[in-house]
Amino acid sequence: MKILVTGGAGFLGSHLCDRLLEQDHEVICLDNFFTGSKRNVQHLLPHPGFELIRHDVTEPILLEVDRIYNLACPASPVHYQYNAVKTLKTSVMGMINMLGLAKRVKARILQASTSEVYGDPEVHPQREDYWGHVNPIGIRSCYDEGKRVAETLCFDYHRQNKVDIRVMRIFNTYGPRMHPEDGRVVSNFVVQALRGEDITLYGDGSQTRSFCYVSDLLDGMMRLMEHPSATGPINIGNPGEFTIRQLAEEIVSMTGSQSKIVHRPLPSDDPQQRKPDITLAKSELGWEPKIALREGLTHTIAYFDELLKA
Ligand code: NAD
Ligand code: UDP
């Protein structure tokens, strides 16, 4: 098949391009390089099935493709808050452009949605039928509400225009090729520990997250895309739940670092708890994660260790 990956030069997108090329598909990687980089796909440039296009999804584009993975959007709070209006435009106008393309060329489209659609959840763990608890006017809203509108657009194009949609709610995912200055917690703590810098724990560290390793996440994503009928929304994440303090302590211990854990103010609207209910992913896709946090961190630490030495 001919497959478009928007945000293909980012962390998840570049791993997805690798996997699709391994399956002998033709891949068009589209990116504006806001948070992604050519380095992530450098090794794919000589591949005859690979094409890289610099383009912004807020502008329309016409391509002949069979599948669209719509991943274009900054995912780290630091980056999506840097230009909040642009983040909203990327989620909303980008989604409209990609759904319009899917409609015209009759492509199936998968939207990379997020656990952020649940906001600061009052239901735990989060199931797909929970509508969420989201602040519409806070500093995270450009991302959360943008992704919620994107889901709405998917379902309206599906009902109105019969577009073949797949909506995936991704929970915190980590691994090699995260940007070292990305600002998300796993890359921040690993880089700080390896450099011997202070580990910046926001708040008291009692907030929880559930961390999924990138290879598991991609298995779930590709299974959802190739499922004959499941539109989603469907949670893909690892239900292992950890406090952020536990994560900091684990990374310090695994790297053998001398770094000290220091406290920084908790950003506003930072969700207190998060853990996916993956019952639906298990029953509909036959998917569940295989990589435990410690194993995933071993690969991630090795990656950053190499990168920082280079
Ligand atoms: P990332 O920042 O590494 O990748 C995003 C990519 O999109 C980058 O390459 C960036 O340059 C590109 N991009 C941003 N705005 C664009 C635009 N207007 N036009 C074209 N390209 C644009 O982040 P990631 O972790 O790889 O996330 C990929 C997708 O998955 C995002 O949509 C994100 O919201 C979603 N997601 C990720 C996680 C996670 O934990 N990694 C969790 C939930 C959802
Ligand atoms: N966090 C932290 N120190 C950091 C970066 C993040 O304590 O250097 C915390 C952050 O406050 C949040 C959690 O780690 O509670 C996850 O943050 P991240 O930005 O990775 O993702 P999200 O909040 O979107 O889940």
Side-chain angles (χ1 to χ4, degrees), residues 5-17 29-38 40-41 53-59 61 69-81 83 86-95 97-98 110-117 120 140 143-144 146-147 150 168-175 177-179 182-192 197-214 217-218 221 235-237 242-245 247-248 261-274:
V5 180
T6 79
F11 160 50
L12 295 179
S14 62
H15 286 284
L16 177 62
C17 290
C29 168
L30 182 158
D31 209 293
N32 71 349
F33 303 116
F34 174 48
T35 52
S37 80
K38 279 187 202 155
N40 286 339
V41 290
I53 303 179
R54 178 190 282 265
H55 181 81
D56 195 304
V57 288
T58 60
E59 302 290 338
I61 189 164
Y69 284 90
N70 189 37
L71 273 59
C73 185
S76 146
V78 177
H79 288 129
Y80 70 63
Q81 288 164 21
N83 185 344
K86 176 71 192 212
T87 300
L88 269 166
K89 284 185 184 170
T90 295
S91 276
V92 178
M93 292 161 66
M95 191 81 252
N97 287 330
M98 289 305 130
L110 180 145
Q111 165 62 0
S113 189
T114 166
S115 52
E116 289 287 327
V117 300
D120 188 5
R140 295 175 82 100
Y143 185 74
D144 300 9
K147 290 283 189 177
M168 168 180 188
R169 291 187 179 152
I170 302 173
F171 284 65
N172 297 64
T173 302
Y174 68 100
R177 294 196 202 147
M178 292 185 90
H179 196 288
D182 177 275
R184 282 180 279 185
V185 69
V186 174
S187 45
N188 264 14
F189 286 180
V190 170
V191 169
Q192 289 164 345
E197 295 170 355
D198 289 345
I199 307 280
T200 54
L201 188 62
Y202 301 161
D204 64 6
S206 65
Q207 69 272 31
T208 68
R209 293 293 186 274
S210 303
F211 299 100
C212 187
Y213 189 64
V214 57
L217 194 280
L218 289 176
M221 184 182 279
N235 292 337
I236 300 287
F242 299 86
T243 67
I244 299 302
R245 171 169 287 284
L247 178 74
I261 296 176
V262 298
H263 289 271
R264 294 281 177 269
L266 188 69
S268 66
D269 296 337
D270 199 289
Q272 188 52 41
Q273 52 180 0
R274 186 181 287 156

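Start at 1 and go down the list; that is how both ligands and their atoms are numbered.
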Which residue and non-hydrogen atom of the protein lie closest to [atom], and at what distance in Å?
atom: atom 11 (O) of ligand 2; answer: D270 OD2, 2.6 Å
atom: atom 1 (P) of ligand 1; answer: T35 OG1, 3.7 Å
atom: atom 27 (O) of ligand 1; answer: A75 CB, 3.7 Å
atom: atom 21 (O) of ligand 2; answer: N172 ND2, 3.5 Å
atom: atom 9 (O) of ligand 1; answer: D31 OD2, 2.5 Å
atom: atom 28 (C) of ligand 1; answer: L71 O, 3.6 Å
atom: atom 19 (N) of ligand 1; answer: V57 N, 3.0 Å
atom: atom 20 (O) of ligand 2; answer: V185 N, 2.8 Å
atom: atom 4 (O) of ligand 1; answer: G10 CA, 3.6 Å
atom: atom 43 (C) of ligand 1; answer: I170 O, 3.2 Å
atom: atom 3 (N) of ligand 2; answer: T200 O, 2.6 Å
atom: atom 5 (C) of ligand 1; answer: C73 O, 3.3 Å

Give a yes/no verdict on whether any heavy atom in R264 is under 4.0 Å from an atom of ligand 2.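 No.
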What part of R184, side chain, backbone, both or neither, has a heavy atom within less than 4.0 angstrom of ligand 2?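 It is both parts that get close, each with some atom under 4.0 Å.
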For ligand 2, note which part of R140 has a heavy atom under 4.0 Å away: side chain, backbone, both or neither.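 Looking at R140 and ligand 2, just side chain atoms fall under 4.0 Å.
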Does the N or O separation between G36 and ligand 1 drop below 3.5 Å for any pair?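 Yes, G36 has an N/O under 3.5 Å of an N/O on ligand 1.
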Heavy-atom distance to [atom]: which of [options] wins?
atom: atom 16 (C) of ligand 1; options: L30, L16, N32, T6; answer: N32
atom: atom 37 (C) of ligand 1; options: T114, L12, T173; answer: L12
atom: atom 18 (N) of ligand 1; options: V41, V117, D56; answer: D56
atom: atom 3 (O) of ligand 1; options: Y69, Y143, F34, F11; answer: F11

Should you measure from each heavy atom of [X], which atoms of ligand 2 turn up under 4.0 Å away?
X: E116; value: 24 (O)
X: N188; value: 4 (C), 5 (C), 8 (O)
X: L201; value: 7 (O)
X: I244; value: 7 (O), 13 (C), 14 (O)
X: P77; value: 19 (O), 24 (O)
X: G183; value: 5 (C)
X: F189; value: 2 (C), 3 (N), 4 (C), 7 (O), 8 (O)

Judged by non-hydrogen atoms, does [X] sit under 4.0 Å from ligand 1?
X: A9; value: yes
X: G8; value: no
X: Y80; value: no
X: H55; value: yes
X: R184; value: yes

Identified side-chain contact (heavy atoms from CB on, under 4.5 Å) partner of I199 from the options V262, N188, I261: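 Option passing the side-chain contact (heavy atoms from CB on, under 4.5 Å) with I199: I261.
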Using side chain to side chain contact (heavy atoms under 4.5 Å, CB included), reason through I170 and L12 one step at a time and then give a plain yes or no. CA-CA 11 Å; I170 302 173; L12 295 179; 4.2 Å; yes
Ligand 1 contact on [X] by region, counting heavy-atom pairs under 4.0 Å:
X: S115; result: neither
X: F33; result: backbone
X: K147; result: side chain

Using a 4.5 Å cut-off on heavy atoms from C-beta on, say whether the side chain of [Y] contacts that of [X].
X: Q81; Y: P267; answer: no
X: S115; Y: R169; answer: no
X: L247; Y: V186; answer: yes

For G7, atoms of ligand 1 separated by under 4.0 Å from a heavy atom: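 Selected atoms, number and element: 6 (C), 7 (O), 9 (O), 12 (C).
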Closer than 4.0 Å to some heavy atom of N172 - which atoms of ligand 1 meet that?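 What qualifies from ligand 1 is 40 (O).
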Do H263 and R245 have side-chain atoms, one donor and one acceptor, less than 3.5 Å apart?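 Yes, because at least one side-chain N or O of H263 sits under 3.5 Å from a partner of the opposite role on R245.
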Side chain or backbone, does Y80 bring an N or O within less than 3.5 Å of an N or O on ligand 2?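 Such a contact does not occur with ligand 2.
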Within the structure, does Y202 bring an N/O atom to less than 3.5 angstrom of an N/O atom in ligand 2?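 Min N/O separation from ligand 2 is below 3.5 Å for Y202.
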Plane angle bin for Y143 and Y80 - parallel if under 30°, tilted between 30 and 60°, otherwise perpendicular: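 It falls in the parallel class, under 30°.
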First locate atom NE2 of H15, then atom CG of L217, and finally report the distance between them rounded to the nearest 0.5 Å.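 H15 NE2 to L217 CG: 10.0 Å, rounded to 0.5 Å.
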How close do S14 and V41 get, heavy atom to heavy atom, and via which atoms?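 For S14 versus V41, the nearest heavy atoms are CB-CG1, 4.0 Å.
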Is any side-chain N of the basic residue among D270 and R209 closer than 4.0 Å to the acidic one's carboxylate O?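 Yes, this pair counts.
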